[in-house]
Amino acid sequence: MEGVGGDGPSTAATALNQRRHEVSKLFQYYLDKSTPHSLYRWIGTFALVCLYALRVYYIQGFYIVSYGLGIYILNLLIGFLSPLVDPELEPNDGPSLPTKGSDEFKPFIRRLPEFKFWYAITKAFCVAFVMTFFSMFDVPVFWPILLCYWLVLFVLTMRRQIMHMIKYKYLPFNIGKQVSSKIIYS
């Protein structure tokens with residue numbers, strides 16, 4: 001009797017794993033194809049953000065989910081605006097940001113690249129949107145206090161980040177071609 005039906009569960013598990021692997025490869029294929037199209041990716045994410053905001057507005061709830069989402073996005077934003085090698089924490093044995101006008105130009109390398117930043121934000125909004133379908137995540141809170149607390153966190157964090165950017169003279173955005181400050185006329 002042991003041989004009868006013994007292969008059933010393992011065959012089903014193998015088929016399920018194979019199907020999951022195929023879906024994962026297909027998802028990765030489309031993710032890779034979307035990499036160079038940053039504007040369209042961000043437009044899609046903005047549409048998802050609007051859909052989430054409308055859902056929260058019409059339900060009049062899930063403020064704690066939105067607050068957690070805001071804290072997570074603030075954390076991602078700090079990684080996006082920070083250099084890969086922090087001059088405060090790392091000694092100058094590797095690549096560093098230029099501190100003087102005579103220093104060699106070194107491109108800004110983010111701690112969190114744009115694609116990973118976009119992907120993490122999109123996943124976060126998808127998870128938060130799914131959470132709005134389960135009432136156990138709708139914790140009753142007074143949302144204006146959460147909003148004020150998040151705004152205070154945002155202002156303090158961004159002030160610290162901007163002070164860091166000013167101190168080490170870096171700009172985390174590419175604005176045109178980088179040109180030397182010295183102009184030589186022939």
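By convention here, the first residue in the shown sequence is residue 1. As a basis for the values below, the full set of heavy atoms in this structure was taken, side chains included, without hydrogen atoms, waters or symmetry mates.
When only modelled atom types and interatomic distance are considered, W118 and S38 share no side-chain donor-acceptor pair under 3.5 Å.
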Note to self: Walk me through whether T132 and R55 qualify under side chain to side chain donor-acceptor pair (under 3.5 Å).
What the structure shows: CA-CA 8 Å; T132 62; R55 175 133 175 94; 2.8 Å; yes

Notebook entry, point to check: Can you check side chain to side chain donor-acceptor pair (under 3.5 Å) on W42 and E114, steps first, answer last?
Noted result: CA-CA 10 Å; W42 283 105; E114 184 269 338; 2.5 Å; yes

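Cation-pi geometry between R110 and F80 is met: under 6.0 angstrom from the ring centre, within 45 degrees of the axis.
The six-membered or imidazole ring of F129 lies near that of F133, with a centre-to-centre distance under 6.0 Å.
Between V65 and Y52, the closest side-chain pair of non-hydrogen atoms falls below 4.5 Å. At least one side-chain heavy atom of S34 sits less than 4.5 Å from a side-chain heavy atom of F115. Put simply, the side chain of R111 does not reach to within 4.5 Å of the side chain of L81, judged on heavy atoms. Within the 4.5 Å cutoff, the side chain of Y63 has no heavy atoms near those of the F142 side chain. Side-chain contact check for T122 versus R41: every heavy-atom pair is 4.5 Å or farther apart.
For residues 131-151, no pair satisfies salt bridge (Lys or Arg N to Asp or Glu O under 4.0 Å), with sequence neighbours left out.
To the nearest 0.5 Å, atoms CG (L54) and CD1 (I59) are separated by 11.0 Å. Note that OG of S24 and CG of L31 are 10.0 Å apart. Values are rounded to the nearest 0.5 Å. Atom-to-atom distance recorded for I121:CD1 and L69:CG is 9.0 Å, nearest 0.5 angstrom. To the nearest 0.5 Å, the span separating CZ on F125 from CZ on F46 amounts to 10.5 Å. The CG atom of L156 lies 13.5 Å from the CD atom of Q161; values are rounded to the nearest 0.5 Å. The structure places CG of L76 at 6.0 Å from CZ of F117, a figure rounded to the nearest 0.5 Å.
Tracing side-chain contacts under 4.5 Å through hydrophobic residues (I, L, V, M, F, W, Y), one reaches V130 starting from L48; they form part of the same cluster. I145 and I64 fall into different hydrophobic clusters, where Ile, Leu, Val, Met, Phe, Trp and Tyr side chains are chained together by heavy-atom contacts under 4.5 Å. Clustering ILVMFWY residues whenever any of their side-chain heavy atoms sit less than 4.5 angstrom apart, transitively, puts I162 in a cluster other than the one holding L77. Under the 4.5 Å side-chain heavy-atom criterion for grouping Ile, Leu, Val, Met, Phe, Trp and Tyr, L153 is connected to L146 within one hydrophobic cluster. Hydrophobic clustering, with ILVMFWY side chains joined whenever heavy atoms are under 4.5 angstrom apart, groups M131 together with L51.
Between K25 and E22 no salt bridge is recorded (no basic side-chain N to carboxylate O distance below 4.0 Å).
A donor-acceptor pair is defined here as one N or O able to donate and one able to accept, closer than 3.5 Å; no such pair exists between the side chain of T157 and the backbone of F154.
Residues that satisfy the ring-ring contact (aromatic ring centres under 6.0 Å, His included) test with Y119, not counting sequence neighbours, are absent from this structure. In terms of the side-chain contact (heavy atoms from CB on, under 4.5 Å) criterion, T14 has no residue partners (sequence neighbours excluded).
The environment of W143 atom CH2 is sparse: at most 12 non-hydrogen atoms of other residues, nucleotides or ligands sit within 6.0 angstrom.
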